[in-house]
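Here is the structure we will look at, set down as structure tokens.
Below, chain A is the first sequence line, B the second, and so on; all start at residue 1.
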Number of protein chains: 2
Amino acid sequence: MVNSRVSVAIHILSLIATTNDANQLTSDWIAGSVNTNPVVIRRISSQLKKANLIASNPGVAGYQLVKEPKDITLLDIYRAVQAPEELFAIHDNPNPECAVGQRIQSTLNNVYHSVQRAMEDKLTEETLQDVLDQLFH
Amino acid sequence: MVNSRVSVAIHILSLIATTNDANQLTSDWIAGSVNTNPVVIRRISSQLKKANLIASNPGVAGYQLVKEPKDITLLDIYRAVQAPEELFAIHDNPNPECAVGQRIQSTLNNVYHSVQRAMEDKLTEETLQDVLDQLFH
DNA sequence: CAACTTGTAACCGCATTAGTTACATCAATC
DNA sequence: GATTGATGTAACTAATGCGGTTACAAGTTG
């Protein structure tokens, strides 16, 4: 299962996108909405910042979106908070002396590739704006 | 990331589908091809058996496919070894007094649903036979 | 009976995750 | 310029899930 950082990141970005008062947008206040520790918010915000999705300044309260919600895809968010990895794990060191063991890894890689691609395509289709539309239907 | 049990399950099923000598198909021998402990093989085989994909008998060596490889989809295998769960985790107890916190869970559920659906559709498209075709191209 | 097998329970070490404490650094305000 | 309150990070903890392993019950075959 994909960890909850993606969900928290979307929550954070939704708050940033819809909160007018910048002074209100502290990691403490966001943590109150997400219901977690402020450090968890700052940790994920740091990843969103490195991915160039939000901006912030040490010492000054608040976060700002760098792009418009319609230009932030869920894949952008996913990749911002998720270590780059394959969706499916493949076991290590299958026996090369076995016909199946010898070719199972490359075969699985091929098979899984289209599955992961399908997932990422869907994540690309949906943007932060779509999330906002659903939040305030 | 999805754990490696799916990959090991496909490996096991590939061996069963392509090994003629039933006496050879012990959990010990399969473990030698996968390169793991025989108990890991029996554990996953037990799940495949409960999912009605393979058959076996206590005390007698070997496993047999219950269906033809073309009738075993990767989703069948995925569901056999994977606890039924959502692909994306959603954080617990967001603040109901916040407009975003109040609706984020149901919104994320909707958003993630189509993504998971896309993945499962792809897993349904590919069968054990496709894997065998790629293994012995 | 002896030598095998499958099936399962139980435990271990490791990695990952979310939560937390602590603190360095910076900015705004009195 | 000292105080206050913010971001940014390092470091630690508890809980969880994973694959690997030992042990053993129960069955089959020769």
message = Students often mix this up, so state it plainly: with edges at 30° and 60°, are the rings of A:Y112 and A:F88 parallel, tilted or perpendicular?
response = parallel
D:dG5 OP1/OP2 closer than 4.0 Å to side-chain N/O of A:T26 = no
query = Between D:dG20, C:dG19, D:dT9, which nucleotide has the shortest distance from any of its atoms to the side chain of B:R43?
reply = D:dG20
query = At under 4.0 Å between heavy atoms, what does B:R5 touch on the DNA or RNA strands: base, sugar-phosphate, or nothing?
reply = sugar-phosphate
query = Whole Å only: how far is the CD1 atom of B:I30 from the P atom of D:dG19?
reply = 17 Å
inquiry  = Starting the side chain at C-beta, find the nucleotide from D:dG20, C:dT8, C:dG19 nearest to B:T36.
reply    = D:dG20
inquiry  = Taking the side chain as everything from C-beta on, heavy atoms only, tell me whether A:I10 gets closer than 4.5 Å to A:I77.
reply    = yes
query = Looking at D:dT9, C:dT8, C:dG19, which one has an atom nearest to any side-chain atom of A:V39?
reply = D:dT9
ask   = Just how far, in rounded Å, is C1' of D:dG20 from CD1 of B:I44?
value = 12 Å
query = In whole angstroms, how far is the C1' atom of D:dT9 from the CZ atom of A:R42?
reply = 9 Å
inquiry  = What is the separation between atom NE2 on B:H91 and atom C1' on C:dG19, rounded to the nearest whole Å?
reply    = 15 Å
message = Whether B:S27 contacts C:dT6 is assessed here as follows: a side-chain N or O lying under 4.0 Å from the phosphate OP1 or OP2. Is that the case?
response = yes
task = Using a heavy-atom cut-off of under 4.0 Å over every strand shown, decide if A:V60 touches base, sugar-phosphate, or nothing.
result = sugar-phosphate
inquiry  = Test your reading of the model: is there a side-chain donor-acceptor pair from A:Q116 to the backbone of A:L87, 3.5 Å cut-off?
reply    = yes
task = Give the nucleotide from the list D:dG8, C:dG7, C:dT20 with an atom nearest to the side chain of B:K49.
result = C:dG7
message = Whether A:R117 and A:E120 form a salt bridge (side-chain N of Lys/Arg under 4.0 Å from carboxylate O of Asp/Glu) is what I want to check.
response = no
ask   = Across the strands shown, which category fits A:S45 at heavy-atom distances under 4.0 angstrom: base, sugar-phosphate, nothing?
value = nothing
request  = For A:N3, report the nucleic acid contact type (base, sugar-phosphate, nothing); a contact means any heavy atom under 4.0 Å.
outcome  = sugar-phosphate
task = State, yes or no, whether a side-chain contact exists between A:Q134 and B:R103 at a heavy-atom distance under 4.5 Å.
result = no
key: Sugar-phosphate only, base, or nothing, as touched by B:D28 at under 4.0 Å among non-hydrogen atoms   = nothing
query = Rounded to the Å, how far apart are B:N57 CG and D:dT28 C1'?
reply = 10 Å
key: Protein-nucleotide distance (A:E85, atom CD; D:dC18, atom P), rounded to Å   = 14 Å
note = Nearest-nucleotide check on DNA chain C, B:L25 vs B:A89; residue mapping nearer the 5' end is B:L25
inquiry  = Counting C-beta onward and ignoring hydrogens, is there a side-chain heavy-atom pair between A:L135 and B:T107 closer than 4.5 Å?
reply    = yes
task = Provide, to the nearest angstrom, the distance between the CG atom belonging to B:D92 and the C1' atom belonging to C:dA18.
result = 11 Å
ask   = The side chain of A:S4 lies closest to which of these nucleotides: C:dT6, C:dA18, D:dG8?
value = C:dA18
inquiry  = Can you measure B:M1 atom CE to C:dT17 atom P for me and round it to whole angstrom units?
reply    = 10 Å
